[in-house]
Amino acid sequence: MSRPSDTHSIEQTHPASDCDIAYVGYRQSGQAIVEKRPDQERLTPERSLALVNHSPSGFEWGYGGSGPAQLALALLLDYTGDEAFALNHYQEFKTEVVSQLNCAGSAGSWRLTGPEIDAILHEPSREPVAPSI
């Protein structure tokens with residue numbers, strides 16, 4: 001994911017204690033559930049829906065559609081607490097992260113930690129460079 005280009009950097013948007021945060025996604029009775037740990041607080045789409053209404057039916061992951069877009073926005077909004085930052089970066093976060101999440105394996109869930117989110121948000125830009133003529 002490209003490095004945030006806005007002047008309000010990710011370092012300014014969340015406290016250092018957020019390194020203990022992890023988001024865990026799983027399915028319960030066919031419904032996509034996302035919890036914020038360590039408190040096991042359920043992440044809901046309501047706050048992100050107030051900004052952009054992609055998927056009023058809830059979150060999804062594992063592909064590039066409207067449910068993953070809502071989840072990407074909700075994750076960045078919750079993690080950073082910064083609406084402008086979340087709005088500026090959620091589509092790329094959806095493409096690079098949320099679309100790749102899956103519940104395979106014995107745990108039947110995915111896990112995304114605060115340090116992993118920080119690393120993703122701080123990756124150098126992978127924008128293509130115009131060829132020299």
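Counting from 1, the numbers follow the sequence of the chain as shown. Hydrogens, waters and symmetry mates are skipped; everything else that's a heavy atom, side chains included, is used.
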| Does the ring of Trp110 carry Arg27 above it, NZ/CZ under 6.0 angstrom from centre and within 45° of its axis? | no
| request: Name all residues meeting the side-chain contact (heavy atoms from CB on, under 4.5 Å) criterion together with Gln31; count only those two or more places apart in sequence or in a different chain, and write none if there are none. | output: Ile33
| message | Once rounded to the nearest 0.5 Å, what's the spacing between atom CG of Leu87 and atom OG of Ser48? | response | 10.0 Å
| field | Any residue meeting side chain to side chain donor-acceptor pair (under 3.5 Å) with Glu116, in chain and number order, not counting sequence neighbours | value | Thr113
| query | About how many Å separate CD of Glu83 and OG1 of Thr80, when rounded to the nearest 0.5 Å? | reply | 9.5 Å
| Hey, what do you get for CZ (Phe93) to CG (Asn88), rounding to the nearest 0.5 Å? | 14.5 Å
| ring-ring contact (aromatic ring centres under 6.0 Å, His included) partners of residues 21-43, not counting sequence neighbours, each pair once | none
| CZ-OG distance between Phe59 and Ser66, expressed to the nearest 0.5 angstrom | 12.0 Å
| Counting N and O atoms only, with roles assigned by atom type, does the side chain of Asp39 sit under 3.5 Å from a partner on the main chain of Glu41, one being a donor and the other an acceptor? | no
| Main-chain N/O of Gly64 paired with Lys94 side-chain donor or acceptor, under 3.5 Å | yes
| query | What are the two closest heavy atoms between Gly58 and Ser55, and how far apart are they? | reply | O-OG, 2.7 Å
| query | Looking at Val97, Val98, Leu73, which one forms a side chain to side chain contact (heavy atoms under 4.5 Å, CB included) with Pro68? | reply | Val98
| query | What are the two closest heavy atoms between Ala69 and Gln91, and how far apart are they? | reply | CB-NE2, 4.4 Å
| request: Return yes if some donor-acceptor pair links the side-chain N/O of Tyr90 with the main-chain N/O of Gln70 below 3.5 Å, else return no. | output: no
| How many angstroms lie between CG in Leu71 and NE2 in His54, if you round to the nearest 0.5 Å? | 11.5 Å
| request: Without swapping roles, check the side chain of Asn53 against the backbone of Leu49 for a donor-acceptor pair under 3.5 Å. | output: no
| Chi angles and distances behind the side chain to side chain contact (heavy atoms under 4.5 Å, CB included) call for Ile117, Leu112 | CA-CA 7 Å; Ile117 294 171; Leu112 186 61; 3.8 Å; yes
| field | Point-to-point distance, once rounded to the nearest 0.5 Å, from CG of Asp82 to NE2 of His89 | value | 8.5 Å
